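Heavy atoms only: backbone and side chains are in, while hydrogens, waters and symmetry mates are out. Small disclaimer: the values here were computed from a predicted structure and weren't measured.
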Amino acid sequence: MDKVREAALKGIAQVFDKGAFTNIIVNKLLKGDNFAPLERRFLTELIYGTIRHKNSLEWIMDQYVQQKKVDQWIKYIVMLGIYQLYYLNKVPASAACNESVELAKKYGNKGSVRFVNGVLRNIARNIDKIVFPSMEEDPLKHISLTYSHPAWMVQMWIKEYGIDETIKLCIHNNSKAPNTMRVNTLKTGVSSLKTLLKEQGIIAKGTRYAPEGLDIENFEQIDNLEAFKQGLFIMQDEASMLVSRALNPRPDSLIVDGCAAPGTKTTHLAQLSNHRSTIIAYDVHQHKLKLISQNARRLGIDCIEVRLGEAQNIGSLMKEKVDYLLLDVPCSGLGVLRRRADLRWKKNQDTLHNLPRLQREILDGAAPCLKPGGVLVYSTCTINSEENIKVIQGFLKDFSGYRMDSIMPYLPGELLMDADLYENSLKGYIQLLPHKHNMDGFFISRIIREPN
């Protein structure tokens with residue numbers, strides 16, 4: 001039996017049945033066995049691809065399965081097989097079918113083996129006849145199944161961005177995400193790290209907008225790299241780097257990160273203030289505070305104090321004491337679906353409906369900690385206006401003494417060549433879209449507390 005496909009099956013089951021995160025499961029599997037480089041790539045492709053295309057695979061399966069109830073493990077074996085047959089042209093149909101049958105022998109019974117063999121070979125014979133519902137027949141169903149996103153999500157995006165942009169967004173979400181790192185400029189420079197990585201056979205090129213970012217290729221395991229152990233970088237998407245840059249903290253300031261774990265942006269704030277500020281990092285989960293401390297320690301940063309607590313209480317605890325406040329609030333995460341294959345299936349409309357209330361609670365409760373003249377950045381990694389600009393507009397309507405501040409001076413000029421981004425940056429915010437800017441979808445806004 002192929003150990004790669006079996007590992008993929010176990011990973012898929014963990015994500016769908018246990019709610020595990022795809023990236024964490026893949027990392028554990030890659031560490032747990034001695035896979036060759038080609039096997040590592042194939043394993044990653046099988047897990048991410050099958051999870052990403054879940055509803056499309058289920059729809060194809062339904063066209064060839066009459067029985068209503070199928071054992072979960074057998075269902076996952078069939079989905080894994082269909083993914084190889086339909087999406088992976090380089091995998092021979094015979095291999096996809098035969099290896100799926102071998103998995104069924106271990107995880108099912110004789111009936112399961114016959115079922116898997118019959119379904120997959122039937123699909124293999126008719127692969128060119130598989131056609132999803134047409135755009136003319138049902139636009140919502142067509143986009144949802146062709147590009148494998150939940151129908152409610154597609155409907156929301158069509159309303160906000162239109163059909164053409166929604167299709168582009170869905171296509172982009174199904175593409176491979178870059179591996180982006182932020183260079184720890186407290187220890188090294190971008191050019192120096194590029195040279196060091198090149199000596200280890202790793203291809204590194206500068207990110208388009210963030211000056212301290214590098215996209216890397218041709219690596220095996222990040223935490224095995226000597227540069228990682230030395231704290232010369234931390235993994236972070238380019239859009240996420242722009243959040244701390246929008247706050248633009250000065251040295252010798254008091255900075256608060258209200259929703260800090262795992263500390264990626266917190267440590268960036270330390271870099272940007274040249275390790276000369278006091279930074280207090282709050283989070284509501286004790287175990288996540290350890291992640292912040294671990295990341296800071298590895299990067300050689302000791303100006304961060306971690307505190308257990310809700311961001312909603314920061315205003316009363318530190319009233320008018322803080323120079324800079326970062327609120328990267330809990331959100332639906334719809335801007336990171338390219339790297340988080342499972343997230344699109346874990347969210348629902350109720351989740352989105354409840355989040356703006358929490359976001360307002362955090363914003364309302366934390367903002368009073370700012371000194372007059374203090375700066376607040378509110379950000380999310382989503383592209384839903386209900387969680388973004390509408391939250392800010394509601395806050396400014398209900399609270400006097402705060403105003404939006406132009407974010408333009410703190411963002412890369414090339415990014416602002418986008419007309420919409422330029423216009424909104426002058427108003428104090430930007431909405432980055434994955435398919436337009438080739439990075440995670442982030443909302444970033446900058447607010448000033450008016451001087452007395």
Side-chain angles (χ1 to χ4, degrees), residues 180 182-183 185 207-213 234 236-251 253-260 263-274 277 279 281 311 322-331 335-336 359 362-363 366-367 369-371 373-383 385 387-393 395-396 402-418 420-434 436-450:
T180 307
R182 188 189 82 233
V183 179
T185 52
T207 48
R208 185 173 181 182
Y209 305 115
E212 61 274 78
I234 188 169
Q236 183 179 15
D237 184 76
E238 187 174 13
S240 177
M241 296 182 212
L242 300 180
V243 173
S244 298
R245 286 197 156 272
L247 191 62
N248 192 39
R250 296 177 182 175
S253 301
L254 177 59
I255 306 168
V256 169
D257 188 347
C259 309
T264 312
K265 296 180 185 69
T266 322
T267 53
H268 195 194
L269 294 171
Q271 282 182 221
L272 293 174
S273 58
N274 202 27
S277 286
I279 302 175
V322 176
D323 298 294
Y324 297 94
L325 171 63
L326 174 59
L327 295 177
D328 186 56
V329 298
C331 71
V336 298
Q359 292 155 350
I362 291 173
L363 186 53
C369 79
L370 285 175
K371 296 176 180 176
V375 181
L376 158 68
V377 162
Y378 171 97
S379 65
T380 72
C381 59
T382 196
I383 56 175
S385 62
E387 301 176 63
N388 294 332
I389 188 59
K390 290 184 180 179
V391 170
I392 296 300
Q393 289 170 339
F395 170 77
L396 294 176
Y402 299 85
R403 62 171 174 82
M404 297 285 276
D405 182 48
S406 173
I407 202 171
M408 185 184 68
Y410 314 105
L411 298 175
E414 188 178 356
L415 182 66
L416 297 176
M417 291 176 68
D418 181 305
D420 289 337
L421 289 186
Y422 176 78
E423 183 178 342
N424 289 333
S425 73
L426 294 174
K427 299 175 184 176
Y429 70 94
I430 58 168
Q431 176 66 73
L432 298 169
L433 296 174
K436 279 192 172 184
H437 308 111
N438 197 30
M439 60 177 97
D440 287 348
F442 259 80
F443 175 82
I444 309 172
S445 59
R446 182 179 164 97
I447 296 172
I448 298 286
R449 185 167 192 178
E450 297 275 19

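- In terms of heavy atoms, Ser277 sits closest to Arg250 at OG-O, 3.1 Å.
- Interatomic distance, OG of Ser445 versus CG of Leu363, reported as 8.0 Å (0.5 Å rounding).
- In plain terms, the two heavy atoms of Leu432 and Leu242 that are nearest each other are CD1-CD1, 4.1 Å.
- Judged purely by atom type and a 3.5 angstrom limit, Ser425 has no side-chain atom pairing as donor or acceptor with the backbone of Ile430.
- For the atom pair Ile392 CD1 and Phe443 CZ, the distance stands at 5.5 Å (nearest 0.5 Å).
- Using a 4.5 Å cut-off on side-chain heavy atoms (C-beta onward), Met408 and Tyr422 make contact.
- Only one option out of Arg446, Lys427, Arg449 pairs with Asp405 in a side-chain hydrogen bond (donor to acceptor under 3.5 Å, both in side chains); it is Arg446.
- For the residue pair Pro330 and Ile362, the shortest heavy atom distance occurs at CD-CD1, 3.6 Å.
- Atom-to-atom distance recorded for Gln359:CD and Thr380:OG1 is 7.0 Å, nearest 0.5 angstrom.
- With contacts defined as side-chain heavy-atom distances shorter than 4.5 Å, the pair Thr264/Arg182 qualifies.
- Atom NZ in Lys390 sits 8.0 Å away from atom CD in Gln393 (nearest 0.5 Å).
- Judged by distance alone, with hydrogens and angles left aside, the side-chain atoms of Gln431 form a donor-acceptor pair with the main-chain N or O of Phe442 at under 3.5 Å.
- By the 4.0 Å N-to-carboxylate-O rule, Glu238 lies too far from Arg208 to be salt-bridged with it.
- Across all non-hydrogen atoms, the minimal contact from Gly258 to Leu327 is CA-CD2, 4.1 Å.
- Here the closest heavy-atom approach between residue Ile444 and residue Ala239 is recorded as CD1-O, 4.2 Å.
- For the pair Val391/Tyr378, a side-chain contact is recorded, criterion being any heavy-atom separation below 4.5 Å from C-beta on.
- A 4.5 Å side-chain heavy-atom check between Glu212 and Arg245 finds at least one atom pair inside the cut-off.
- A distance of 6.5 Å separates CZ in Phe395 from CG in Leu376, rounded to the nearest 0.5 Å.
- Of all non-hydrogen atoms in Ala366 and Leu325, the two that sit nearest each other are O-CD2, 3.7 Å.
- Side-chain atoms of Tyr402 come within 3.5 Å of backbone atoms of Ala367 as a donor-acceptor pair (strictly under, hydrogens ignored).
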**Request:** Give the C-alpha distance, both sets of side-chain angles, the deciding distance and a yes or no for side chain to side chain contact (heavy atoms under 4.5 Å, CB included) between Leu421 and Lys436.
**Result:** CA-CA 11 Å; Leu421 289 186; Lys436 279 192 172 184; over 6 Å; no

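- Note that the NE2 atom of His268 and the CG atom of Asp257 stand 12.5 Å from one another [nearest 0.5 Å].
- Listed for the Asp323 side chain is no donor-acceptor partner under 3.5 Å among the backbone atoms of Ile255.
- In this structure, the side chain of Asp237 engages the main chain of Asp440 through a donor-acceptor pair within 3.5 Å.
- At least one side-chain heavy atom of Met241 sits under 4.5 Å from a side-chain heavy atom of Thr180.
- Within the 4.5 Å cutoff, the side chain of Pro434 has heavy atoms near those of the Ile383 side chain.
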